[in-house]
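Here the structure is a predicted model, which is why all the values come from computation and not from measurement. Just so it is clear, the values below take in all heavy atoms, side chains as well, and ignore hydrogens, waters and symmetry mates.
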Amino acid sequence: VQLQASGGGLVQAGGSLRLSCAASGRTFSGDAMGWFRQAPGKEREFVAAINWSGVRTYYADSVQGRFTISRDNTKNTAYLQVNSLKPEDTAVYYCAASKRGWSTTSKRDWSTTNVYDYWGQGTQVTVSS
C-alpha cells in the first residue's frame, strides 16, 4: 500500500501548482483523503480533506479560497490545486488516506494526523518572494 505525492516545485509568489497523490496497492475510492504540510521547524499542519466521492471538502482557514482538493477515483488519485501561493506556503506537502467515515468524523478530527491510516512521502513546495 503506497501513496505517491508529486507535483511540487519552486514557484514565485502568486504562482500555482497542481499536486497529485497516486495510490497503489489497494483501492482508495472508499477512503477520505487529506493533504497536510510541514515547514522546517514546525509541526505538520492540516491543509484540506475530501470525502470518498469528492462531494464533501474541508479546508484550513489559511488556504480557503486559494487551494482546491479533488479526486479521480477511476485513477486512484487525489489532487491539490494550489493557487495564489505565498512564501508562507513553503513546506513539504503530504497526502494521506483514512478509512473513517466522513459523516461520522468531525471536521476537527479531519484536521488531525491520527485519523489517517496511510501517508505518502511528501513533495516539496517552495515559494519565492
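- Interatomic distance, CZ of R100 versus CG of D109, reported as 5.5 Å (0.5 Å rounding).
- Counting only residues at least two apart or in different chains, ring-ring contact (aromatic ring centres under 6.0 Å, His included) contacts with residues 73-107 comprise W102-W110.
- Scored by the ring pair (Phe, Tyr, Trp, His ring centres under 6.0 Å) test, F67 finds no partners at all (sequence neighbours excluded).
- No option in T77, N76, D72 other than D72 meets the side chain to side chain donor-acceptor pair (under 3.5 Å) test with T74.
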Table please: side-chain donor-acceptor pairs of residues 54-64 below 3.5 Å, with sequence neighbours left out.
unit_1: Y59; atom_1: OH; unit_2: I69; atom_2: N; d: 2.9

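- Looking at Q121, its side chain never comes within 3.5 Å of a backbone N or O of Q4 through a donor-acceptor pair.
- With sequence neighbours left out, the side chain to side chain contact (heavy atoms under 4.5 Å, CB included) criterion links Q124 to T90, V92, T126.
- A side-chain donor-acceptor contact under 3.5 Å links N73 to the backbone of W52.
- Counting all heavy atoms, side chain and backbone alike, P87 lies closest to A13 at CD-CB, 4.2 Å.
- Going from atom NZ of K86 over to atom OG of S129 covers 14.0 Å, rounded to the nearest 0.5 Å.
- Side-chain heavy atoms closer than 4.5 Å link hydrophobic residues (I, L, V, M, F, W, Y) into clusters, and following such links, even through other members, never connects L17 to F36.
- In this structure, CZ on R71 lies 9.5 Å from SG on C21, to the nearest 0.5 angstrom.
- The backbone N or O of G7 sits nowhere less than 3.5 Å from a side-chain atom of S20 that would complete a donor-acceptor pair.
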- Query: Where do T123 and L19 land on the side-chain contact (heavy atoms from CB on, under 4.5 Å) test, with the steps shown first?
  - Reply: CA-CA 8 Å; T123 185; L19 308 184; 4.2 Å; yes

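- Every side chain to side chain contact (heavy atoms under 4.5 Å, CB included) that A97 has, sequence neighbours left out, goes to L3, F28, D31, M33, Y118.
- Nearest heavy-atom pair, Q81 versus N83, reported as atom, atom and distance to 0.1 Å: NE2-OD1, 2.9 Å.
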Would you mind writing out the side-chain donor-acceptor pairs for residues 39-50 within the sub-3.5 Å range, not counting sequence neighbours?
unit_1: R44; atom_1: NE; unit_2: Q38; atom_2: OE1; d: 3.4
unit_1: R44; atom_1: NH2; unit_2: Q38; atom_2: OE1; d: 3.4
unit_1: E45; atom_1: OE2; unit_2: R37; atom_2: NE; d: 2.5
unit_1: E45; atom_1: OE2; unit_2: R37; atom_2: NH2; d: 3.1

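- Taken from CG in N51 to OG in S98, the straight-line distance is 11.5 Å, to the nearest 0.5 Å.
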